Q: 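The structure follows.
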Amino acid sequence: MFDSELNGLSTQIRERLAALGAPPPARIDWAPVPFGGTWGFGTAVCFQAAAAEARSGQPVRIPERAAELAADLASRLQPPHGFTRLHADKAYLNATVDPGIFAARVIDACLSSGPDFGRGARRDERVMVEYAQPNTHHSFHIGHARNALLGESLARLVEFAGFPTVRASYPGDIGLGVITCLWGYQRFHAGEEPQGVHARGQWLLKVYAEANALLTARPGETAEETATREAYDAERRELYRRWDAGDPDVRDLWLRTRQWSLDELNDILSLLSIPIDVYFFESEADEPAKAIVQDLIDRGIAEDERPAGPVIVRIDEKLGLKKEKFRTAVVLRSDGTTLYLTKDLALAKQKFEQFHADRSIYVVDFRQSLHFQQAFKILELMGFPQAPKCFHLAYGYVTLPEGAMSARKGNVVLFMDVLLEAERRVLDVIAEKTPDLPQEQRAAVARQVGLGALTYGLLSVDNTRDIVFDMDSALSFDGQTAPYIQNAHVRATSILRKAGSLPASAGFTYALDRLELELIDWISRFPTAVQQAAAEYKPLHMAAYAYELARAFHAFYHAVPVLQVEEPVRASRLRLVAAARQTLANALRLLDIAAPDVM
RNA sequence: GCCCCCGUAGCUCAAUGGAUAGAGCGCCUGACUUCGAAUCAGUAGGUUCGGUGUUCGAAUCACCGCGGGGGCGCCA
């Protein structure tokens, strides 16, 4: 917000430090001063300069010398426009801003940019984010929701930070799991088709779990049971063979049931406001993957051990590593069929060459870390310049209190079940707390608030951690939650509605209340928060920011009157409320959470 | 054996190498005749797993341990 002034000051500091014989650092960082009361930006540059001086052989005691430098700078340099003074606090150099100028600048910038407040300058680097990769012939559960929401929030952050962004989804539409489901369907449910997009999609999961149970060896099974199971397994293998051979009946059944899953997925992605740009189907990666393998063999990157063994890449050996780190990767089975890794190589090539991705982010659970390390290294060996800009955003599982969810066993928490329960609970709260809310608005509000609570719960935990799913805590509406933030937006909206119109401009020349200052401070930090969250791939930062902003607003709202004060303060505070509302809306949007006007 | 992630308040979790480590939940106390109480104000709660380093400065970086989780040639 004061970048040009602080940059100018940094230049002066550098010159003065050099004149004093203390080598200034290449970059001078300014951070908001951590204490209330005074208000401005501080830098620890004097510590760095004094330390550099000591390193160059000067006999200085660093803390004393740093304090001396800070005192010199504070007394010699003039505060830039918009700042009231420079002063040394211990060895920190602090620049105190003029509250009136700062406030007007922040509020004007926010309101003139509106939905674009906080948007970064356009960058020349295309980013592809891959997420929402559920397998077909299963159903969308709460773990998939974490993945999809993490990816969507990240895509929104990166895009808003200034980078052209492509959203990619990679459904796993083939593999043994899919064939298992098809076998169960054909064997026991041929011709059946439940009505309703979600009922049908969820039913496939039941078929899959049922089939799996029949194909899994149980301890203490009789000889007869073993024989039956092995016969079933033979049927399944035969079905996979027929799929591979392109048998029209099998392909038709596969495509028809696949569509049931895709219909369910599309409906959920739509209600989650996730606009996928590109779909890559695993089944379509097969042929290009085989071509990649041949290329790897021809170029001496891969070794062909067929027919005795598979095609492998000895990555550690290729890199000359002594310790085993990337190990040896199998890129083609000995029977010539492709693997997950092979397809990911083909997919990456397509991302680089066909979609011109300069940077590629994979939102995939942390258990696949080695897989991606191997994939990225092989891409590097293949000579792709984008390979070092591939990043695996690993996240933890959503587990149940009793352990991991398992689609195979059928014990998963379905996303739609949680959403419907969330909406029921919101309706209960509305009945209790907002009985005047018109009936016809309640369903929409229940969706916005219920989905928001669920989303915030998944995004406000660091992606490295597992989340133990518990309905009550997942759907909490109190404390650090989406409804708390949404309620701040509702309150701001309500004030603005009662005010009627918003003044086109207003100064902040009166004595600002501490709570006003803190609110303005949080608004001013939004653009930086966007850049940080995008650069670190951490929607969590934005989730934390949104909460802090809401907290500042609630505190302000409670203690500082807006509509009841005299002009010109009233006009200034109205604009502040409008700016807070805008920033809350922008922050929520980056989290893929709705900002309702009533709730 | 090797590699990756994690360890912070009773619980769940935060904290670009920077100043006094912060929230929520839970506990306790207070505030609705008020711009919407899904709110606010306040109390209590800490050897940041341990150790040794690097640094003017370490929850953060390095190394060694301890504890938990995950992974390691034809699953995805």
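All of these numbers come straight from a predicted model, not from anything done at the bench. Here is how names work: the chains are called A, B, and so on, in the same order as the sequence lines, proteins then strands, and each is numbered from 1.
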Q: Consider the side chain of A:His371, meaning its heavy atoms from C-beta on, and name the nucleotide among B:A38, B:A76, B:G24 that approaches it most closely.
A: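 The listed nucleotide nearest to A:His371's side chain is B:A76.
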Q: Quantified in whole Å, what is the P atom distance between nucleotide B:G10 and nucleotide B:G50?
A: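 14 Å, rounded to whole Å.
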Q: What nitrogen or oxygen pairs link the protein and nucleotides 53-55 of chain B at under 3.5 Å?
A:
none

Q: Heavy atoms only, 4.0 Å cut-off, all strands: where does A:Val313 land among base, sugar-phosphate and nothing?
A: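 Nothing, no nucleic acid heavy atom in range.
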Q: Can you tell which of B:C4, B:A38, B:C6 lies closest to the side chain of A:Thr464?
A: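 Nearest to the side-chain atoms of A:Thr464, counting from C-beta on, is B:C6.
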Q: Expressed as a whole number of angstroms, how long is the span from A:Lys433:NZ to B:C32:C1'?
A: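 From A:Lys433 NZ to B:C32 C1': 12 Å.
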Q: When we call it a touch if two heavy atoms are under 4.0 Å apart, what does A:Tyr547 touch: a base, just sugar-phosphate, or nothing?
A: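 Sugar-phosphate contact only - A:Tyr547 comes under 4.0 Å of backbone atoms but never of a base.
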Q: Which comes earlier along RNA chain B counting from the 5' end, the contact point of A:Val445 or that of A:Phe556, where each point is its nearest nucleotide?
A: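 Nearest nucleotide further toward 5': that of A:Phe556.
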Q: Students often get this wrong, so: under 4.0 angstrom with heavy atoms, is A:Glu282 touching a base, only sugar-phosphate, or nothing?
A: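 A:Glu282: backbone/sugar contact only, no base atoms under 4.0 Å.
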Q: Where the side chain of A:Gln532 is defined as all heavy atoms beyond and including C-beta, which of B:C74, B:U16, B:A31 is the nearest nucleotide?
A: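 For A:Gln532, the side-chain atoms sit closest to B:U16.
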Q: Would you measure the distance from the P atom in B:G26 across to the matching atom in B:G69 and give it in whole Å?
A: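 So the two P atoms sit 30 Å from each other.
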Q: Can you tell me, in whole Å, how much space there is between the P of B:C3 and that of B:C63?
A: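 Per the computed distance, 11 Å lies between those P atoms.
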Q: From CD of A:Glu536 over to P of B:A14, roughly how many Å is that when rounded to an integer?
A: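 After rounding, the gap between these two atoms is 13 Å.
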Q: Would A:Arg146 pass as a cation-pi partner of A:Phe469, given that its NZ or CZ must be under 6.0 Å from the six-membered ring centre and within 45 degrees of the axis?
A: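 Cation-pi check for A:Arg146 and A:Phe469: fails.
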Q: Say whether, by atom type as modelled, one donor and one acceptor occur between the side chain of A:Ser476 and the main chain of A:Ser473 under 3.5 angstrom.
A: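 Such a contact is absent between A:Ser476 side chain and A:Ser473 backbone.
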Q: Write down the partner of B:G22 under the Watson-Crick or G-U wobble criteria, each distance required to be under 3.5 Å.
A: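 Here B:G22 is engaged in a pair, and the nucleotide opposite it is B:C13.
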Q: Send over the distance from A:Asp597 CG to B:G36 P, rounded to a whole Å.
A: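 The distance from CG of A:Asp597 to P of B:G36 comes to 14 Å, rounded to the nearest Å.
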Q: Looking only at atom P, what distance separates B:U12 and B:G7, rounded to whole Å?
A: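 That atom pair is separated by 13 Å.
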Q: Where the side chain of A:Val562 is defined as all heavy atoms beyond and including C-beta, which of B:C35, B:A38, B:C74 is the nearest nucleotide?
A: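 Taking heavy atoms from C-beta onward, the closest nucleotide is B:C35.
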Q: Among B:A38, B:U16, B:A19, which is the nearest nucleotide to the side chain of A:Asn487?
A: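 Comparing B:A38, B:U16, B:A19 against the side chain of A:Asn487, the answer is B:A38.
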Q: Just checking, any donor-acceptor pair under 3.5 angstrom between side chains of A:Thr338 and A:Asp286?
A: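 A pair is found: one side chain offers a donor N or O, the other an acceptor, under 3.5 Å apart.
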Q: Tell me whether the centres of the aromatic rings in A:Tyr362 and A:Phe376 are closer together than 6.0 Å.
A: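 A:Tyr362 vs A:Phe376: aromatic centres under 6.0 Å.
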Q: A:Lys498 has a side chain; which of B:U39, B:G36, B:G24 sits nearest to it?
A: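 When the side chain of A:Lys498 is considered, B:G36 is the closest of B:U39, B:G36, B:G24.
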Q: Which part of the nucleic acid does A:Pro63 contact within heavy-atom distance under 4.0 Å: base, sugar-phosphate only, or nothing?
A: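 If one applies the 4.0 Å heavy-atom cut-off, A:Pro63 turns out to touch the sugar-phosphate alone, with no base involved.
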Q: Report the nucleotide, chosen from B:A19, B:G18, B:A38, that has the shortest atom-to-atom distance to any side-chain atom of A:Val33.
A: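 Closest nucleotide to the A:Val33 side chain: B:A19.
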Q: If you measure from the ring centre of A:Tyr92 to the centre of the six-membered ring in the base of B:A19, is it under 5.5 Å, with the planes under 30° apart?
A: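 Stack criterion met.
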Q: Does A:Gln48 or A:Gly175 map to a spot on RNA chain B nearer the 5' end, using the closest nucleotide for each?
A: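 Looking at RNA chain B, the more 5' nearest nucleotide goes with A:Gln48.
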Q: Measure from the side-chain N and O atoms of A:Glu303 to the backbone N and O of A:Ile312, and report whether any donor-acceptor pair falls under 3.5 Å.
A: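 Here the side-chain-to-backbone pair does not exist.
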Q: Classify the nucleic acid contact of A:Asp470 as base, sugar-phosphate or nothing, counting any heavy atom under 4.0 Å across all strands shown.
A: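 If one applies the 4.0 Å heavy-atom cut-off, A:Asp470 turns out to touch nothing in the nucleic acid.
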Q: Taking the side chain of A:Glu324 as heavy atoms from C-beta outward, which of B:G70, B:G1, B:G18 is closest to it?
A: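 Within the option list, the nearest is B:G1.
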Q: Does A:Tyr484 lie flat on the base of B:A38, that is, centres under 5.5 Å apart and planes under 30° off?
A: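 Answer is no, no stack.
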Q: Under 3.5 Å, is there a donor-acceptor pair between the side chain of A:Thr43 and the main chain of A:Trp30?
A: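 It does not hold such a pair.
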Q: Within the modelled atom types, does a donor on one side and an acceptor on the other bring the side chain of A:Arg327 and the base of B:C72 under 3.5 Å apart?
A: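 Per atom types, the contact qualifies.
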Q: Tell me the interatomic distance from A:Glu317, atom CD, to B:G73, atom C1', rounded to whole angstroms.
A: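 Atom CD in A:Glu317 sits about 13 Å away from atom C1' in B:G73.
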Q: Can you measure A:Asp316 atom CG to B:G73 atom P for me and round it to whole angstrom units?
A: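 Between P of B:G73 and CG of A:Asp316: 13 Å.
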Q: Mind calculating the distance between CD1 (A:Ile430) and C1' (B:A38) to the nearest angstrom?
A: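 The answer, rounded to whole Å, is 10 Å.
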Q: Is a side-chain N or O of A:Asp316 found less than 3.5 angstrom from the main chain of A:Lys325, in a donor-acceptor match?
A: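 Yes, because the side chain of A:Asp316 sits within donor-acceptor range (under 3.5 Å) of the backbone of A:Lys325.
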Q: Considering only side-chain heavy atoms of A:Tyr340, which listed nucleotide, B:C72, B:A76, B:A38, is closest?
A: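 The closest nucleotide is B:A76.
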Q: Any donor-acceptor pair under 3.5 Å joining the side chain of A:Ser494 to the base of B:C35?
A: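 Check fails, no donor-acceptor contact within cut-off.
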Q: Looking only at atom types and distance, does a side-chain atom of A:Gln486 sit under 3.5 Å from a main-chain N or O of A:Gln448, one as donor and one as acceptor?
A: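 Such a contact is found between A:Gln486 side chain and A:Gln448 backbone.
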Q: Is A:His392 touching bases, backbone alone, or none of the nucleic acid, heavy atoms closer than 4.0 Å?
A: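 Result for A:His392 = nothing.
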Q: For A:Arg333 and B:C74, give me the distance from atom CZ to atom P, rounded to whole Å.
A: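 Between P of B:C74 and CZ of A:Arg333: 10 Å.
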Q: Can you confirm if the NZ or CZ of A:Arg525 lies within 45° of the ring axis of A:Tyr545 and under 6.0 Å from the centre of its six-membered ring?
A: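 That pair does not qualify as a cation-pi contact.
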Q: Tell me the partner of B:G67, counting only Watson-Crick (N1-N3 plus N6-O4 or O6-N4) or G-U wobble (N1-O2 and O6-N3) with both under 3.5 Å; none if nothing fits.
A: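 In the structure as shown, B:G67 has B:C6 as its Watson-Crick or wobble partner.
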Q: Suppose you measure atom P in B:A37 against the same atom in B:G70; what distance do you get, rounded to whole Å?
A: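 To the nearest whole Å, 47 Å.
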Q: Take atom C1' in B:U48 and the same atom in B:A9, then report the distance between them in whole Å.
A: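 My reading of the C1' atoms in B:U48 and B:A9 gives 10 Å.
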Q: Given B:C75, B:C35, B:A15, which nucleotide is nearest the side-chain atoms of A:Leu339?
A: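 Selected nucleotide: B:C75.
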Q: Can a donor-acceptor pair under 3.5 Å be found between the side-chain atoms of A:Thr434 and the base atoms of B:G36?
A: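 By the distance-only test, yes, there is a pair.
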Q: If I pick the P atom on B:C49 and the same atom on B:A14, what distance separates them, to the nearest angstrom?
A: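 Pairwise P distance, B:A14 against B:C49, rounds to 13 Å.
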Q: Using a 90° cut-off around 0 for syn, call B:G73 syn or anti.
A: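 B:G73: syn glycosidic orientation.
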Q: Of all the heavy-atom pairs spanning A:Tyr456 and A:Ala544, show the shortest one and how long it is.
A: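 Smallest interatomic distance, heavy atoms only, reads OH-N, 4.1 Å.
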Q: B:A62 pairs with which nucleotide, Watson-Crick or G-U wobble, both distances below 3.5 Å?
A: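 For B:A62, the partner nucleotide comes out as B:U52, under the 3.5 Å rule.
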Q: What integer number of Å spans the C1' atoms of B:G51 and B:A59?
A: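 My reading of the C1' atoms in B:G51 and B:A59 gives 16 Å.
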Q: Charged N to carboxylate O under 4.0 angstrom, A:Asp597 versus A:Arg581?
A: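 Salt bridge between A:Asp597 and A:Arg581, a charged N being under 4.0 Å from a carboxylate O: yes.
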Q: Measure CD/A:Gln564 against C1'/B:G36 and give the value in whole Å, please.
A: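 Atom CD in A:Gln564 sits about 13 Å away from atom C1' in B:G36.
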Q: Could you tell me which nucleotide pairs with B:G42 by Watson-Crick or G-U wobble geometry, both distances under 3.5 Å, or answer none if nothing does?
A: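 WC or wobble partner is B:C28.
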Q: Counting only Watson-Crick pairs (N1-N3 plus N6-O4 or O6-N4) and G-U wobbles (N1-O2, O6-N3), all under 3.5 Å, who is the partner of B:U47?
A: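 Across all strands, not a single nucleotide pairs with B:U47.
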Q: Would you say the ring centroid of A:Phe391 lies under 6.0 angstrom from that of A:Phe372?
A: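 A:Phe391 vs A:Phe372: aromatic centres not under 6.0 Å.
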